[in-house]
Protein chains: 2
Amino acid sequence: MSMKGREVILGILQGGPHTGYEINDILQTRLSHFFDATFGMIYPTLKKLEAEKLVTKQQISQTDRPNKNIYTITKAGQAAFSKAISEPTSDEILKSDFLMHLYFSQDLPTEQVALFFKEEISRKEAKLATLQAQLATWLENGMTDRQQITFDYGIAYYTATLEVLKKAAKSIAS
Amino acid sequence: MSMKGREVILGILQGGPHTGYEINDILQTRLSHFFDATFGMIYPTLKKLEAEKLVTKQQISQTDRPNKNIYTITKAGQAAFSKAISEPTSDEILKSDFLMHLYFSQDLPTEQVALFFKEEISRKEAKLATLQAQLATWLENGMTDRQQITFDYGIAYYTATLEVLKKAAKSIAS
DNA sequence: ATTGTCATGTAATTAGTTACATGATTAA
DNA sequence: TTAATCATGTAACTAATTACATGACAAT
């Protein structure tokens with residue numbers, strides 16, 4: 001079994017107490033190239049973790065901004081996390097809707113396929129730019145050597161696939 | 001909305017009638033680097049597609065082997081597929097349990113992290129080898145130019161990430 | 001005026017996973 | 001005798017998605 005939302009959130013909370021909003025932010029900026037999360041998953045998961053006493057909630061009332069809940073990992077939560085992180089890793093999963101469309105695109109006109117390429121290239125370029133932009137602030141906040149590898153992996157992955165995409169887009173158009 | 005099991009199976013059936021077993025085989029060999037499927041998904045999906053009259057089932061009795069069901073796409077099925085393939089593509093999703101472990105591995109001993117690397121490298125090398133081995137037979141059975149791109153993409157993806165992994169594995173060990 | 005930031009949540013649905021169950025034939 | 005190939009399915013579960021709902025403040 002691979003690490004799911006539960007374990008990922010526990011992992012983030014091991015780095016200190018956070019609100020659901022902050023957890024989302026960390027997920028979107030630093031882990032977005034190998035995990036994706038939404039508020040629709042984060043809040044219900046925090047609720048379950050609290051019910052299982054793996055985290056505790058501290059409610060903070062604010063006047064200028066909405067009230068917030070700060071979650072802190074408990075001893076039991078740390079134990080659950082330690083167990084999860086020690087388990088063997090499972091297979092990486094890539095789901096590409098673009099490649100799926102391309103694979104079955106035989107009846108589509110060239111222009112439409114060209115548009116799919118254009119959109120996929122834009123998306124990937126944006127993701128690559130976000131990741132590279134993150135590097136500076138991430139380094140300041142203390143990026144470990146191991147985290148640096150996850151960053152390098154993401155950069156290599158986007159760079160290599162973008163190259164294939166750009167070359168193919170040209171050959172399609174001709 | 002991206003193409004799900006439903007649409008993928010319809011896409012495969014557009015290439016001709018197939019059994020669930022054959023659909024699985026195509027999925028495992030040609031699309032495995034960007035989609036994953038299991039029998040637990042394939043058979044229930046075929047049943048639903050039949051109920052919705054998007055495919056028809058022909059039962060074949062065999063003596064030497066288990067009986068089988070051959071599924072054929074209907075006009076309605078072709079229409080549903082055409083619609084799905086024309087829709088805009090959605091974001092690619094990568095889920096890496098290995099990177100997740102690595103990201104949160106600060107408290108794990110070097111040896112354990114080294115083992116994670118070793119296993120991830122083996123898995124990726126195996127996937128790369130399978131994909132390259134497929135090329136020959138795939139070309140014989142008529143691989144289109146567009147399908148060739150999905151193949152190139154997979155090769156580039158595995159090659160680039162393997163390089164990062166191997167380099168990092170060395171630096172970790174020292 | 002409008003967009004972005006901060007901030008939390010629920011309800012309904014869907015899709016997929018995991019585990020189980022069966023069993024003959026063929027090749028190494 | 002062990003593994004692989006062929007071949008199909010169900011039941012229970014889990015995880016996540018999608019869509020909805022609310023709302024003030026700050027910046028452009």
Side-chain angles (χ1 to χ4, degrees), chain A residues 1-10 17-29 31-32 35-52 55 57-71 84 87 90-91 93-95 97 100 130, chain B residues 1-10 17-29 31-32 34-52 55 57-71 84 87 90-95 97 100 130:
Chain A
M1 245 166 288
S2 62
M3 289 174 76
K4 313 278 186 204
R6 277 172 68 78
E7 290 83 26
V8 176
I9 289 176
L10 287 175
H18 289 289
T19 64
Y21 191 83
E22 289 166 352
I23 290 170
N24 179 66
D25 195 57
I26 293 168
L27 253 13
Q28 301 305 324
T29 52
L31 291 84
S32 72
F35 188 78
D36 65 23
T38 55
F39 283 123
M41 169 248 146
I42 296 167
Y43 290 119
T45 303
L46 282 168
K47 205 179 176 184
K48 277 175 218 151
L49 289 172
E50 198 199 354
E52 294 175 51
V55 304
K57 178 168 77 176
Q58 192 197 351
Q59 287 171 297
I60 309 281
S61 295
Q62 297 183 126
T63 49
D64 53 332
R65 290 178 187 180
N67 296 340
K68 60 182 178 182
N69 305 325
I70 300 179
Y71 292 90
E87 299 260 312
S90 46
D91 266 42
I93 293 165
L94 175 68
K95 288 212 180 191
D97 194 42
M100 190 59 80
T130 311
Chain B
M1 244 165 288
S2 63
M3 291 175 76
K4 311 277 185 203
R6 277 172 69 76
E7 290 83 25
V8 176
I9 289 176
L10 287 175
H18 289 289
T19 63
Y21 191 83
E22 288 167 351
I23 290 170
N24 179 65
D25 195 57
I26 293 168
L27 253 13
Q28 301 304 325
T29 52
L31 291 86
S32 70
F34 60 88
F35 188 79
D36 65 23
T38 54
F39 284 122
M41 169 248 148
I42 295 167
Y43 290 119
T45 302
L46 282 168
K47 205 180 176 183
K48 279 175 216 153
L49 288 172
E50 198 199 354
E52 294 174 51
V55 305
K57 178 169 76 176
Q58 192 197 350
Q59 287 170 297
I60 309 281
S61 295
Q62 298 184 126
T63 48
D64 54 332
R65 288 177 188 179
N67 297 339
K68 60 181 177 182
N69 304 325
I70 299 179
Y71 292 91
E87 299 258 314
S90 46
D91 266 41
E92 184 178 86
I93 294 164
L94 175 68
K95 287 210 182 192
D97 195 42
M100 189 60 79
T130 311

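Excluded from the calculations below are hydrogen atoms, water molecules and symmetry mates; all remaining heavy atoms, backbone and side chain alike, are included. In the text below, chain A, chain B and the rest are named by the order of the sequence lines, each starting its count at 1.
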Inset, instruction - Have a look at Asp36(A) and say if it touches a base, only the backbone sugar-phosphate, or nothing, with a 4.0 Å heavy-atom cut-off. - result: sugar-phosphate

Legend entry - Residue met sooner reading DNA chain D from 5', once Thr63(A) and Lys57(B) are mapped to nucleotides: Lys57(B)

Inset, instruction - Look at all strands and tell whether Tyr71(B) reaches a base, only sugar-phosphate, or nothing, counting heavy atoms closer than 4.0 Å. - result: sugar-phosphate

Inset, instruction - When you get a sec, tell me which of dC6(C), dT17(D), dT8(C) is the closest nucleotide to the side chain of Arg65(A)? - result: dC6(C)

Legend entry - Candidates dT8(D), dC6(D), dT18(C) - which lies nearest the side chain of Thr38(B): dT18(C)

Inset, instruction - Whole angstrom is fine here: how far is it from CE in Met41(B) over to P in dA12(D)? - result: 21 Å

Legend entry - Sugar-phosphate only, base, or nothing, as touched by Gly40(B) at under 4.0 Å among non-hydrogen atoms: base

Inset, instruction - Give a yes/no on whether any side-chain N or O of Gln62(B) is located under 4.0 angstrom from OP1 or OP2 of dC6(D). - result: no

Legend entry - Minimum side-chain heavy-atom gap Ile93(A)-Ile93(B) below 4.5 Å: no

Legend entry - Distance in angstrom units between Ile93(A) CD1 and dA15(D) C1', rounded: 12 Å

Legend entry - From His18(A) atom NE2 to Asn69(A) atom CG, the distance as rounded to the nearest 0.5 Å: 14.5 Å

Legend entry - Distance in angstrom units between Phe39(A) CZ and dA16(D) P, rounded: 16 Å

Legend entry - Integer-rounded Å distance: dT17(C) P and Asn24(B) CG: 12 Å

Inset, instruction - May I have the distance from Gln58(A) (atom CD) to dT8(C) (atom C1'), rounded to whole angstrom? - result: 16 Å

Inset, instruction - For the helix from dA1(C)-dT28(D) to dA28(C)-dT1(D), figure out the bend between the end axes, five pairs an end, and round to 10 degrees. - result: 60°

Inset, instruction - Please round to the nearest 0.5 Å and tell me the distance separating atom NZ of Lys47(B) and atom OH of Tyr71(B). - result: 9.0 Å

Inset, instruction - Between dT8(C), dA15(C), dA16(D), spot the one nearest the side chain of Tyr21(A), thanks. - result: dT8(C)

Legend entry - Flag, side chain of Glu87(B) to backbone of Ala84(B), donor-acceptor distance under 3.5 Å: no

Inset, instruction - Report yes if at least one side-chain N or O of Asn69(B) is closer than 4.0 Å to OP1 or OP2 of dG9(D); otherwise report no. - result: yes

Inset, instruction - Find the distance His18(A):NE2 to dT8(C):C1' and express it as a whole number of Å. - result: 18 Å

Inset, instruction - Find out whether Leu10(A) and Val55(A) are in side-chain contact, i.e. whether some heavy atom of one side chain is under 4.5 Å from a heavy atom of the other. - result: yes

Inset, instruction - Find out whether Thr29(A) and Thr130(A) are in side-chain contact, i.e. whether some heavy atom of one side chain is under 4.5 Å from a heavy atom of the other. - result: no

Legend entry - Arg6(B)/Glu52(B) salt bridge by N-O under 4.0 Å criterion: yes

Inset, instruction - Starting from P on dA15(C), measure out to CZ on Arg6(B) and report it in whole angstrom. - result: 7 Å

Legend entry - Cation-aromatic face contact Lys95(B)/Phe35(A), 6.0 Å, 45 degrees: yes

Legend entry - Within residues 42-51 of chain B, residues whose heavy atoms come under 4.0 Å of DNA chain C: none

Legend entry - Shortest non-hydrogen separation from Ile42(A) to Gly20(A) and the atoms involved: CG2-O, 3.9 Å

Inset, instruction - Mind calculating the distance between CG (Asp91(B)) and C1' (dA16(D)) to the nearest angstrom? - result: 16 Å

Legend entry - 5'-most by nearest nucleotide on DNA chain D - Gly5(A) or Ile70(B): Ile70(B)

Legend entry - Nearest heavy-atom neighbours spanning Tyr43(A) and Tyr21(A): OH-N, 3.7 Å

